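Here is the structure we will look at.
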Amino acid sequence: MIDIKNITKSFGSLQVLKGIDLHIDKGEVVSIVGPSGAGKTTLLQIMGTLDKADSGSVVVDGVSVNELSGKKLSDFRNQHIGFVFQFHQLLPEFTALENIMIPAFIAGKGKKEAKARAEELLEFMGLADRASHKPAELSGGEKQRVAVARALVNNPAVIFADEPSGSLDTKNKAELHQLFFDLRDRFGQTFVIVTHDEGLSQITDRCIHLKDGMIYNNEENTVRTEESAESGLEG
């Protein structure tokens with residue numbers, strides 16, 4: 001799904017990433033943790049094609065994104081990648097349904113198709129009755145779930161999330177975190193999540209630790225692995 005090799009990135013004289021190698025499988029929910037300044041968001045932006053590495057290669061869903069530029073890169077990002085940020089970044093003048101449909105319109109999909117997909121996602125999120133509400137009329141947890149639905153509307157290969165629960169209270173955090181796994185189970189979605197939330201990092205399939213621009217621990221989380229194994233036995 002995602003393969004990055006020898007990724008380096010500097011800002012002026014400051015080297016932020018120092019030769020990162022990482023592989024993420026389809027359907028994995030992976031967290032990236034580390035102290036401030038470790039390079040977490042920079043790495044996420046490079047994997048998500050929002051920034052370019054100084055050196056190294058990035059392959060997402062079988063495509064070498066290093067070789068894309070301009071409209072081809074924008075089209076790839078729109079169709080294969082979804083983003084969720086700490087603050088929902090919904091457009092205030094549009095309803096929840098309309099906000100979700102926007103990336104589908106950018107991808108050239110018709111109104112009927114875009115609306116059907118947006119309604120499916122709202123139903124899955126438990127927000128069908130909030131479709132006509134604008135962001136100011138939604139709670140923080142509802143807004144972030146709408147943002148997740150917007151990221152999913154084009155059925156991307158991977159969702160990159162940067163501190164997605166950072167602005168939520170404890171209850172809404174827990175609900176959002178569970179949503180990621182529900183979406184993986186329902187749609188086979190891959191998630192790569194930068195987080196400071198220990199509760200989230202402990203339940204992801206794998207936790208990648210960054211420090212001083214390098215991966216110093218890349219561990220499988222036994223709690224989630226054991227749960228998955230039990231689910232498989234039950235199935």
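These figures come from a predicted structure and were not determined experimentally.
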Checking side chain to side chain contact (heavy atoms under 4.5 Å, CB included) for the pair Leu122/Ile100: CA distance, chi angles, key distance, verdict? CA-CA 9 Å; Leu122 279 171; Ile100 296 168; 3.6 Å; yes

Heavy-atom distance under 4.5 Å between the side chains of Phe160 and Ile2, does that happen here? yes

Are the side chains of Val58 and Lys52 in touch, meaning some heavy atoms are under 4.5 Å apart? no

Is a donor on one side and an acceptor on the other found under 3.5 Å between the side chain of Asp25 and the backbone of Glu28? no

Examine distances only and state if a side-chain atom of Asn154 and a backbone atom of Pro156 form a donor-acceptor pair shorter than 3.5 Å. no

Linked, directly or transitively: Val33 and Phe85 (ILVMFWY side chains, under 4.5 Å): no

Sub-3.5 Å donor-acceptor pair from the side chain of Arg184 to the main-chain atoms of Gly27, do we have one? yes

What's the shortest heavy-atom distance between Leu17 and Gly39, and which atoms? CD2-O, 3.6 Å

Using the benzene-type ring in the case of Trp, are the ring centres of Phe191 and Phe181 under 6.0 Å apart? no

Please check: side-chain N/O of Asp205 versus main-chain N/O of Val29, any donor-acceptor pairing under 3.5 Å? yes

On the ring face of Phe187, is Arg117 found with NZ or CZ under 6.0 Å from the centre and within 45° of the axis? yes

Asp212/Lys18 ion pair, N-O < 4.0 Å: no

Shared hydrophobic cluster for Leu138 and Leu179 (ILVMFWY, side-chain gaps under 4.5 Å): yes

Inspect the surroundings of CE in Met1 and state if more than 12 heavy atoms from other residues, nucleotides or ligands are less than 6.0 Å away. yes

Could you tell me the separation between the CE atom of Met101 and the CD atom of Glu113, rounded to the nearest 0.5 Å? 10.5 Å

Mind checking whether Val146 and Phe105 sit in one hydrophobic cluster, side chains of I, L, V, M, F, W, Y counted as touching below 4.5 Å? yes

If you round to the nearest 0.5 Å, how far is CD1 of Ile32 from NE2 of His196? 12.0 Å

Would you say Thr195 and Thr204 make side-chain contact, with heavy atoms under 4.5 Å? no

Stepwise, does the side chain to side chain contact (heavy atoms under 4.5 Å, CB included) test hold for Ile4 with Leu43? CA-CA 10 Å; Ile4 64 173; Leu43 177 60; 3.6 Å; yes

Looking at Leu97 and Ala118, what are the two nearest heavy atoms and their distance? CD1-CB, 3.5 Å

Could you check if a side-chain atom of Thr95 sits within less than 4.5 angstrom of a side-chain atom of His133, using non-hydrogen atoms only? no

State, with a plain yes or no, whether a side-chain heavy atom of Phe83 is found less than 4.5 Å away from one of Leu50. yes

Check against side chain to side chain contact (heavy atoms under 4.5 Å, CB included), Ile159 and Val192: CA-CA 6 Å; Ile159 299 291; Val192 182; over 6 Å; no

Any salt bridge between Lys9 and Asp51, counting N to O under 4.0 Å? yes

Any chain of hydrophobic side-chain contacts (each under 4.5 Å) joining Ile106 to Leu91? yes

To the nearest 0.5 Å, atom CD1 of Ile208 lies from atom OG of Ser201 at 11.5 Å

Is any side-chain heavy atom of Glu142 closer than 4.5 Å to a side-chain heavy atom of Arg130? yes

Do Phe124 and Leu183 come close enough that some side-chain heavy atom pair is under 4.5 Å? yes

Could you verify whether a donor N or O on one side chain and an acceptor N or O on the other, from Asn78 and Asp75, lie under 3.5 Å apart? no

Applying side-chain hydrogen bond (donor to acceptor under 3.5 Å, both in side chains) between Glu175 and each of Gln178, His177, Lys171, report the one that passes. Lys171

Closest contact, heavy atoms only, Val84 versus Ala151: CG2-CB, 3.9 Å

Between Lys40 and Asp162, does at least one N-O distance fall below 4.0 Å, as a salt bridge requires? no

As an exercise, state the distance from CG of Leu176 to OG of Ser165, rounded to the nearest 0.5 Å. 6.0 Å

Can you tell me how far apart CD (Gln144) and CG (Asn172) are? Round to the nearest 0.5 Å. 9.5 Å

Kindly work out whether a path of hydrophobic side-chain contacts (I/L/V/M/F/W/Y, heavy atoms less than 4.5 Å apart) joins Val59 to Ile46. no

Quick one: do Lys134 and Glu137 make a salt bridge, cutoff under 4.0 Å? no

Between Leu90 and Arg150, is a side chain to side chain contact (heavy atoms under 4.5 Å, CB included) present by the stated rule, with each step listed? CA-CA 9 Å; Leu90 301 177; Arg150 179 183 58 189; 3.6 Å; yes

Side chain proximity check, Ile193 to Pro164, heavy atoms < 4.5 angstrom: yes

Whether Asn66 side chain and Gly56 backbone form a donor-acceptor pair below 3.5 Å: yes

To the nearest 0.5 Å, what is the distance between CG (Leu210) and CD1 (Ile215)? 5.5 Å

